[in-house]
Protein chains: 2
Amino acid sequence: MVGSWVNSAEILGSDLPLELSGTGNRRAVLMRALREAIRAGRLPPGTRLPPYRSLAADLGLARNTVADAYAELVAEGWLAARQGSGTRVAERAVPRTPAQRPRTPRRPARPLLDLVQGKPDPSVFPRTAWLASARRALTRAPHDAFGPGDPQGRPELRQALAGYLARVRGVRASPGQIVLCSGAAHGLRLLAEVLGGPWAVEEYGLPFHRTLLAAHGVGTRPLTVDEHGARVAELGRTDRAVLLTPAHQFPTGGPLRPERRAAVVDWARTTGSLVVEDDYDGEFRYDRQPVGAVQGLDPEHVVLVGSVSKSLSTTLRIGWLVLPERLVEPVLAAKGEREQWSSATEQLTLADFIESGAYDRQVRRMRQRHRRRRDQLVAALELRAPQVRVTGISAGLHAVLELPPGTEHSVVRAAAWQGLAVEGLGDYLHPAAAAPRAGGRDERVGGNGQNGQNGRLRRDGLVVGYATPAEHAYPEALEALCRALPPAPGPGPAHAPASVPAAPREPGPAHAPA
Amino acid sequence: MVGSWVNSAEILGSDLPLELSGTGNRRAVLMRALREAIRAGRLPPGTRLPPYRSLAADLGLARNTVADAYAELVAEGWLAARQGSGTRVAERAVPRTPAQRPRTPRRPARPLLDLVQGKPDPSVFPRTAWLASARRALTRAPHDAFGPGDPQGRPELRQALAGYLARVRGVRASPGQIVLCSGAAHGLRLLAEVLGGPWAVEEYGLPFHRTLLAAHGVGTRPLTVDEHGARVAELGRTDRAVLLTPAHQFPTGGPLRPERRAAVVDWARTTGSLVVEDDYDGEFRYDRQPVGAVQGLDPEHVVLVGSVSKSLSTTLRIGWLVLPERLVEPVLAAKGEREQWSSATEQLTLADFIESGAYDRQVRRMRQRHRRRRDQLVAALELRAPQVRVTGISAGLHAVLELPPGTEHSVVRAAAWQGLAVEGLGDYLHPAAAAPRAGGRDERVGGNGQNGQNGRLRRDGLVVGYATPAEHAYPEALEALCRALPPAPGPGPAHAPASVPAAPREPGPAHAPA
């Protein structure tokens, strides 16, 4: 996965590029880049490095990776760490060792092109309509809206959401069953605290969710995912809950098949467990009617978790839990009896945004835009890489490109070399499901077909977030993607290397026309 | 304290008043009120009661109190609890027992007058100026403001705050040392998680803060508070941190005297502990220049916790921690690496609000308003209750009225009888400091002068939140307050009973002119 994070971090406000290409695990690559920058004088002695956490966030690396790199460079004498003043470039310069890749070519400071999922193009935020709602909401709001609020959330918004979710997602809930929270992650934190563990999760899913649950003492175990979603027959009596993405399995893309929807609800009823339905992009379905939420099947055994992060903006920090009545009180207790978490003025604005029809318009607009993006992706692949199968395209904001076994790693690196950030399917695999593949995270080398427990088929693939790029950058991103894909079997076109040289000797043209 | 929470709760959306007057502890009074409502048919069989938590919040009661009352009434057959459908009035009516106070007079549904501190009149929120800032901020915001944000908070706001806090509070910090959070409570949660316990706290303080710390495993022990603030000489080596309100001790009112400010910083330096400075109302000082924040003395050993809850609105959910650099990373890790918590659009709006000078104007406006309120309070007391000493009036949004030993409880009840909600000083006392006084919380009978360990002087008093009432209601609230105060010693005016009959026989005029 090394190449997937060609990236840079701002150090001391400058836009100093860290050159993160090359072979080896991520820590090794980062250490090389830092040494190189110090040697070349781009990081002069005394320069304070960004905190490891910031650098990790900027580069999309695990914090441990960066912390370890810093620690080793301190041990090597390149850096100095002092209590209270962070990590700095050592004052006594480490002697220059010209053997170590002194002529690494300069690369673009940031990936110019980005197809990493989960980051809808922020330029589509409806500023004008949102401001209009804010003006109406703040003008109309009762005085008490500016006083201590109900930790459950403004009644106006819970009312609006109950209506909207019933109409669009088939959710059955009164406003009293809705608890507002600061995004879906906050909702999961609260559920983890109230329900305890362990939870079953889909073997492919957001690593962030698993980390979050673990941080709250909730262990997870993976359920096999196939083209019909999670195999819920694998659920057991010891699972306290199961976290599912029934509308559109994340990230592989299929909706949970009807028998499984019924089966998982039966399981919850029989065992007294709970289905946690992450309805992260249920509104974005392109070729037929959206699949209703599982919550509608049995509101007493399903919690629906939703937010405006995909449809509107992650920045508003508004999410919700639709809860069985018996869980409302415990969740509120976990939330804190005097704590609202979400801004009441934003809640009122969103309530107006929904009630005025602006939310529907925004979702429609986004759906059209995403569908067009998806169609462009499919067309480009048909033309340029007909050998690559695309799945998970009937809904959502991303697609999965199936790759020949063993090629995921090199394709991600090839994309990085094209200045394109994109993630491999392996990045989303539960560690317990991935375990049979290889040792540590850094050593992962891509899938290789049939392996693992249960004879599961490990897949190589790319997760392509087609909603991410700005409008003008999308064609170029598609172009770079096609160039990075492995050539068709047999005598193929020569333009797209399936892997790139480990230590390129000269700057390659980032976006040369094919 | 029974009378201090004459109040009502909405049951099933109706405005059904619960009549919470009478003697006994809070649970007993609530049980009586519920029985009476059922008996009188105001709660018909089958009616679903609000969840105990909601009722507790509405009535300002501890949740356990309400939960216990429900449980006992279930045991008595008045109520029925069923899994999944909450608590309802039992279908088979409990036989009417006319002996039990059947003729309790109807009281006003809500306290008409409110001098409980901590709730600045929400009608003063500057809607127009806020909307203007929102318009400018959203128009000007870069696209990335609507994408995944920095968990530390928008740089625009941290920059604006660093400048504002330096200018107004003498805080020394770079924007990089500021971490935005969802209000001061969130800030304390994060610090509790990062620092661990135990903490020393002021013996008088917000019970909510102690509860919050305890919920995060941080035990607290009380420091004596006198007219110069907390006696920091009582700090020990085992205290991991001390939570102080140096600008204006909450709620007793004095600023921490200079020697103690220096001493507490020395203590932190020597022991490697931390001072947590709750700067909850540092901007509101009336008679001289505000006392600068202790943080300015030693930014490496003091964390300043602030928010806009007092100056602007608690509803915005924006607070901040100003941290020593070494704590920035740990606090961000506790906050969650992908979680922002505060709305970025609100953060940008607040940044504009500060930079444009609107925040200064709002604080100035509020300061004038509060000062006028305070002067009215002092004048009313001089005229009507010259025997009552007022303290803590040089700053803040509340004052403390000293009461003769042993009268606090009856004065609070007398106020309630006047339709006035106001709290006793005893409500803010740390349980460990209160322990020598009496048994349980419900049995508290008010202070009685010299007692307790260390020969501390226990004080009887009222905490009067003069910023709370709406403009039109303030004179009436003052009037009710004066009527509730104990008469001057010797032959005094006859109009103000120092205590009210335990079971009043007829509805008293709530606001008869004196």
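In the text below, chain A, chain B and the rest are named by the order of the sequence lines, each starting its count at 1.
For B:Leu212, the part sitting under 4.5 Å from any heavy atom of chain A is the side chain, from C-beta outward, and nothing else. Proximity to chain B (any heavy atom under 4.5 Å) is shown, for A:Pro324, by neither the backbone nor the side chain. Interface remark: B:Ala333 contributes backbone and side-chain atoms alike to the contact with chain A (heavy atom separation under 4.5 Å). For chain A, no part of B:Thr128 is nearby; none of its heavy atoms comes within less than 4.5 Å. In this structure, chain A has a heavy atom under 4.5 Å from the backbone of B:Ala334, while its side chain stays farther away. For A:Ala215, no part lies under 4.5 angstrom from a heavy atom of chain B.
Annotation: maximal heavy-atom pairing with chain A below 4.5 Å, among B:Arg135, B:Lys119, B:Gln347, occurs at B:Arg135. The most heavy-atom pairs under 4.5 Å with chain A, out of B:Pro120, B:Ser123, B:Ser313, come from B:Ser123. For the set B:Gly176, B:Cys181, B:Ala141, the count of heavy-atom pairs under 4.5 angstrom toward chain A peaks at B:Ala141. Per-residue counts of heavy-atom pairs under 4.5 Å with chain A were compared for B:Pro122, B:Pro51, B:Ala56, B:Ala134; the largest is that of B:Pro122.
Using a 4.5 Å cut-off on side-chain heavy atoms (C-beta onward), B:Thr315 and A:Gln340 make contact.
Not a single donor-acceptor pair under 3.5 Å links the side chain of A:Arg317 to the backbone N or O of B:Ser342. Not one N or O on the side chain of A:Arg53 forms a donor-acceptor pair closer than 3.5 Å with the backbone of B:Pro330.
Atom CG of B:Leu131 and atom CZ of A:Arg136 lie 11.5 Å apart (nearest 0.5 Å).
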Note to self: Walk me through whether A:His143 and B:Phe125 qualify under side chain to side chain contact (heavy atoms under 4.5 Å, CB included).
What the structure shows: CA-CA 8 Å; A:His143 282 323; B:Phe125 185 80; over 6 Å; no
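Contacts between residues 145-157 of chain B and chain A, counted as heavy-atom pairs separated by less than 4.5 Å, involve B:Ala145, B:Phe146, B:Gly147, B:Pro148, B:Pro151.
Surrounding CD of B:Glu329 are more than 12 heavy atoms belonging to other residues, nucleotides or ligands, all under 6.0 Å away.
The two residues B:Arg140 and A:Arg127 come nearest to each other via the heavy atoms C-NH1, 4.3 Å.
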